[in-house]
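Written out below as structure tokens is the structure these notes cover.
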Amino acid sequence: ADPIKVAAIYTVPVEQQWVSRIDKALKAAQDRGEITYTFSENVANTDYERVMREYAEQGMDLVVGEAFAVERAARKVAAEYPDTAFLMGSSFGPAKPNFAVFDNWIHEPSYLSGMIAGSSTKSNVIGMVGGYAIPEVNRLMNAFMEGATSVNPDVKFLVTFINSWYDPPKAKEAAFAMVDKGADILYAERFGVSDAAKEKEILAIGNVIDTAGDYPGTILSSALWHMEPTIDRAVTAVVDGSFEPADYGPFSFMSYGGGSFVVDEGLADADAVSAAKAKEQEILDGLFRVNVNDSEPKSTM
Amino acid sequence: MIEIFEILLSANFWAAALRIATPLIFGVIGALICERAGVLNLGIEGIFTAGAMAGWMAVWLGAGLWGGVLVAAFAGAFFGLIHAILTVPLGLSQHVSGIGVTLFATSLSYFIYRTALPDVSSPPRIEAFQPLDIPVLSELPFIGPALFQQTPLTFLALFLVLATAYLLYRTPLGLAIQAVGDNPSAVESQGLSVYAVRMGTVVAGSAVMALGGAFLTMSAFDAFFFGMVNGRGWICIALTVFASWRPGKALIGALLFGAFDAFQVRLQTEVGSFIPGQLFLMMPYILSIAALIFVARRADYPRALLVPYFRGQR
Amino acid sequence: MIRFEPRGPVSVSRMLAVSLAAAFAALVLAAIPMAFAGLSAFNAYSLMAKGAFGSLFAFTEMLTRATPLILTGLAAAVAFRAKLWNIGAEGQLYAGALAAVAVGTGAISAPAYLLIPMVALAGALAGGLVMLGPTLLKTRLGVDEVVTTLLLNFIILLFVQMMLEGPMQDPMGMGWPQSEPILDEAALPKLLDRMRIHWGLVVALAAALGVYFLLKRTVWGFEIRAVGENAAAARHAGIPVTATFVRVGLLSGALAGLAGVGEVAGLKGYLTADLSPGFGYSGIVVAMLAGLSPIGVVFAALFIASIFVGADSMSRATGVSNYLADLIVAMALLCVLVSGLFLRFKVRFIGAPSTREIAK
Amino acid sequence: MTGPTQEADIVLRLDGITKRFGMLTANGDVSLDLKQGEILALLGENGAGKTTLMNILFGHYVADEGKVLVNQSGTGLSELEPGSPHAALESGIGMVHQHFTLAENLSALDNIILGTEKLISLTSARAPARKKLAELITRSGLDVPLDARISQLSVGEKQRVEILKALYRDARVLVLDEPTAVLTPQESDTLFATLKKLSADGLAIIFISHKLAEVMASSHRVAVLRGGRKVADLPTAECDLRKLAELMVGHEIVETVRDAGSPGAPLLALQNISVGDGRDALHQVDLVLHSGEILGIAGVSGNGQTTLARVISGLEPPASGTISMEGDDRTDANARAVIDNGLARIPEDRHRDGIVGPMSVSENLAIESIRKPENQRFGLLRFSAMREKARNLIKAYDIRCQGEDSPARLLSGGNIQKIVLARTLDPEPKVVLAAQPSRGLDVGATSDVHKRLLVARARGAGVILISEDLDELMRLSDRIAVIHRGHLSSAEETETLDRGTLGLRMAGQGGEQAA
Ligand SMILES: Nc1ncnc2c1ncn2[C@@H]1O[C@H](COP(=O)(O)OP(=O)(O)OP(=O)(O)O)[C@@H](O)[C@H]1O
Ligand SMILES: Nc1ncnc2c1ncn2[C@@H]1O[C@H](COP(=O)(O)OP(=O)(O)OP(=O)(O)O)[C@@H](O)[C@H]1O
Ligand SMILES: [Mg+2]
Ligand SMILES: [Mg+2]
């Protein structure tokens, strides 16, 4: 069969961790010859609706994107182009006839990386640097914090938001400040934090993407997001003609392979690793549910 | 309260302040040089971006770090030249030309970066400048870590402050720059070319600005990101006024700003749980305005700033 | 050696010729990055034209994009006329949007014919008040307004974020930093079904006419022009310079605030901290392109909007990085800037002194 | 004139210079020779082309036709590269411009050495420059504080810096464009004494002036331009004042004379006014102006005249003291109120304070009364009424312009002054404050201003005339007071005064000062 036409609309550049995962999954599908793939990056919200319509008008079979700040408009456009399938990042539910949603539900691996961090910290201070305090970020940070305190009730957290998605020098400074305050593990929500950890020779926790190769000996553990389960299902559904306005969010769960937990066993304590692995199994078996908490995390020091 | 003093007395804090201030020092010195010659350069935000991209790209392509610095300076000079041509002999509005240059430099940098590297899912990295560990000096108690664990570009920035002060106040060229920013006809009637002095100054000033961008990708970090300049250029425009167009005060202003920023980051973790983070982030801007009101207002600004000069026209 | 000599009134044909030449130069220049990206220029240009004018949708999108630009362009034009360098339209736009949301999301319930004007008024007022600060600092204390307005942009944006994460956050927004939606009675009606174009455009056009009329025909306009062209002489002639600056500041801020109202109440329906992709800064460009003429602002805004929308659409159709759109806008801007010079000046090329004459 | 012996003396020759600005021929085929050690006065009405000619000579402008020849260090005349001030300076031409060309933010020394060294150099040779200047200063008597910033210098000192700039570069030709327009009589005298000394040392000098007396007193030769063409070139000894005026204007100038006045009741009174500190402060100034009189205020510029005018104009509130008009307290009146009270003001800097250049003549004529019902209704401007009025005023005051809609900036200084006169005097004000009203104007325009002031006086207005020109003051004023360092002497009948006494008082010697 001919490859289906897929377009993606990103409100940030494709290098941004989040979007890079979607981009990666789509590129893989393209490489397999299932789809043709084109994207617009850094699209301002003002322009988002026009871009959606343009892709729809161009006869795209599937449009992938982030509806977070343009929820209403995105749903309206989708309703007007019933022949195009829309798969949008969204905090809300799907909508008939063609508006499916997804989100980065990797709170589970975040909890696990929190367990590793909690048992690895010597100073009992963990620094966390985020971009903006939005639910998608808060959720993971809260799960991480919960995981850490579950193994180490004494651990304290420093939380800073730098109010930018891409200002690594600033993120790095925020991280340095935390090291000055005694943090010996840094939660790297943004680019720049792991660099600070590496420079100060302490450990960092990765988020969404695996950067262990870039910072050998620094990344203690990571919670990874994989868009392939989501994208592949959606693409197959479009090809089959069976695309439904469903919530693809769960495909980011660990049980579907949408989220995964990695730990550098050379850096982490063996007991901690086995505890986390046990918890991982519980999660996979559906015996343990990680709480979803979208409220803004605060420093506890 | 105690906490605040602890922060202010820690060497790491001052090291961070100087580090954060470094791109601003380049920027404000560059802006100050241009404005001393009578040309407001609102292209600075774009020139920062161009410097960040070009310098990084050069290193990534194998030019070596100092080669990258040179390339960044040339990129800055290139956009400075555009601004200079538009505003000096052509006498176009400095505001709009500057904003045009910002648009142009930014979009061109992004376009080149993306076209050259279409398939990166994570930004490629270079081996950036490392802090110099100057043997004895960096071991000094407080001063050591604060001053002497910086990367070479920070020292370059500090050197440029001195060099600019010397240039302005001690050399014939400096006199000409100061004069052309005050009364271009004073320069022309002494047989010098107003256009040459102004254009040369704007080009040089822009090259210096670009180093601020280069610092971001080659020293503060090791990769290029879209939007990473993040308003730093505009801050420099404000700092220039704050500094009353004097290199020494420019350094102090940049350091103050850096200190606010470093302080803000540290304070946020202290009391961030009950005060919205944005309030901290506002602090440097609010304090800049306050400083303008109480310190720098009515500074004697270059009188010919913003005024185009046409030979033989009245 | 090049020399510029001022030229008198410009004929319409010359103006057209120069504008066309500028457009042509911009297209030629834009072909360079296009070639770099492997695009055929001709194809790209026809796609651009199609993207801005090729369909009702494209055309209304272009107008929708031009709407805030007209208003921020007017904000800059009127301020710059008085030599009040308001670089803060971006912040005033957000202030206007914030006020519109504060009024229009349920705080007040009233029928549309009351609520819409109230929302607009609140936005205009908020924008105006934001500009009042720098204006008074300038007139009372001599603080440079370029800097204060510029810095205020950052402060206001942070304030908006603070409000959106705090008291004004939409409780139904799943924790996203966004405001509650504007009530239907408070929203600016759409001009066309299924299109995004809204009454903000009419407001913007009316504002352009209003500002034109104000500057041209009223005492206040006279005073604004006098203060802008020569504040010392205006003061000497008994014109209240400070009051004029305050009026101009309020008006300029109000226009920018209205742009924010249009974006939030006409287009998006709720406020987020990334409402504007720099409309405030583009407004300065629009105003200067228009030579600070209020009517010219409309055309300059349409020009910028059509270049952007057209180029953006073209980049999408060809799969080239969409940063190309901004690049083409920037190039077009620079070309138009340079061309303006040929309207105002005669350019003469003068050779160095000929050695022939000296030898003689 | 072209004899071989004289040829050797010629240091500068303008040969058939023509310069056009659009339709306007500013210089038409002007030729001129200048000999070593000669002082040449260049005369002409406003707009006759004097400045243009000198700007061509110095390379600011490029002539459309003709050339400039200079005698480069005795090797005979050779052509000067056109359009290059640098070349002009190199070949020994120095110029003091009509408007100062000094950077206010630099010291006098730095202004002088600016451009005399290689730009790209690690050091600026201030020390040797200082030595050379010290020597120059003693030789020429041009005393200036070398290390003071220009912004702190008086007009006379700035003038001297300008001349030093030229001498420092070993100029052999010195051009001065209206050097005395802003100087006091004493300063002018000193300047000319210096110039004579320099010319005796071999410097060739061209100066432009509208003051015929000093031309007669100080020049060897006179050249007159009219409408851009040279209409006369003759030794000063063969001229007299009347002949010069005629040559410039093309017809005879009738000097305005003041008839015996009949001063009436007091109109305007300043009591004990103090304001400001520093150079331009006022200290306890008392002044009474009666109707039907002209009260002259003499003084060296920079002694508080500007502040006095600003205070009376309502632009600056006094720190202490009272101002009353016809008995009513008007101390706090702002500019608007002052105008409405019937006080007309002619500003000393007409370009800065007098007109809004880009606005039209008719708008500039209406600017002070723009809120009056004749110019607006419900806040809307009444353009036709404004134009109508403007046309009448243009006729009545003989304002030369291309119509009421042309931008005011295109007018010559004299005609700009007429705009100011027309709009301030037409409403028949009770009081007229005229600050330096004829500064920089040619004889024709000056006599026009004088006539207007006398007409106002004749219909019963009181006029305050602030001027540095003693002749003008003596001719027009009924009484004269002297301002020095912010203190105003009590006014005395003009008949009881003479130039010498006034000059001394202006310099701060003799005469009682108001306490
Ligand atoms: N740059 C210019 N552009 C247009 N016209 C000019 C320019 N410079 C001089 N002119 C015109 O040339 C004529 C001669 O002017 P110029 O300044 O030489 O007169 P002037 O004799 O020096 O008068 P004044 O005694 O008032 O100084 C004037 O009509 C003037 O308007
Ligand atoms: N920039 C200009 N463009 C066109 N015409 C000009 C320009 N400047 C001056 N003129 C014309 O030249 C004439 C003389 O103007 P100018 O300013 O040279 O007078 P001026 O001789 O210098 O007067 P002065 O110094 O008293 O007062 C004016 O009538 C005006 O029409
Ligand atoms: Mg003149
Ligand atoms: Mg002249």
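- Considering CZ of F226(B) and CD of Q16(A), their distance stands at 12.5 Å, rounded to 0.5 Å.
- For chain B, the nearby part of M178(A) is the side chain; its heavy atoms alone come within less than 4.5 Å.
- The line from CE of M228(B) to NZ of K170(A) is 12.5 Å long, rounded to the nearest 0.5 Å.
- Heavy-atom neighbours of W165(A) CH2 from other residues, nucleotides or ligands within 6.0 Å: above the threshold of 12.
- Remark: R266(B) CZ to L158(A) CG distance equals 11.5 Å, nearest 0.5 Å.
- Contacts between K27(A) and chain B at a heavy-atom distance below 4.5 Å involve the side chain alone, from C-beta outward.
- Looking at T217(B), neither its backbone nor its side chain comes within 4.5 Å of chain A, counting heavy atoms on both sides.
- Residue P124(B) does not touch chain A at all, counting heavy-atom pairs closer than 4.5 Å.
- We find the CD-CG distance between E173(A) and D261(B) to be 8.0 Å, quoted to the nearest 0.5 Å.
- Using a 4.5 Å cut-off between heavy atoms, Q17(A) does not touch chain B at all.
- Once rounded to the nearest 0.5 Å, the distance linking CG of N12(B) with NZ of K200(A) reads 5.0 Å.
- Chain A forms the most heavy-atom pairs under 4.5 Å with one residue out of F13(B), F215(B), F221(B), and that residue is F221(B).
- Between D167(A) and R232(B) there is a salt bridge, since at least one side-chain N of the basic residue sits less than 4.0 Å from a carboxylate O of the acidic one.
- If you measure heavy-atom distances from P23(B) to chain A, you find no contacts under 4.5 Å at all.
- Neither the backbone nor the side chain of K24(A) comes within contact range of chain B; no heavy atom of the residue lies under 4.5 Å from a heavy atom of that chain.
- To the nearest 0.5 Å, the span separating OH on Y113(B) from CD on E15(A) amounts to 4.5 Å.
- Chain B forms the most heavy-atom pairs under 4.5 Å with one residue out of P168(A), P13(A), S20(A), and that residue is P168(A).
- Here the closest non-hydrogen pair linking A220(B) and K172(A) is O-NZ, 2.7 Å.
- Here the shortest heavy-atom pairing between A174(A) and V265(B) reads CA-CG1, 3.3 Å.
- Neither the backbone nor the side chain of F263(B) comes within contact range of chain A; no heavy atoms are under 4.5 Å apart.
- Side-chain contact between R125(B) and D195(A) is present, with at least one heavy-atom pair separated by less than 4.5 Å.
- For the set P123(B), G227(B), S219(B), A15(B), the count of heavy-atom pairs under 4.5 angstrom toward chain A peaks at P123(B).
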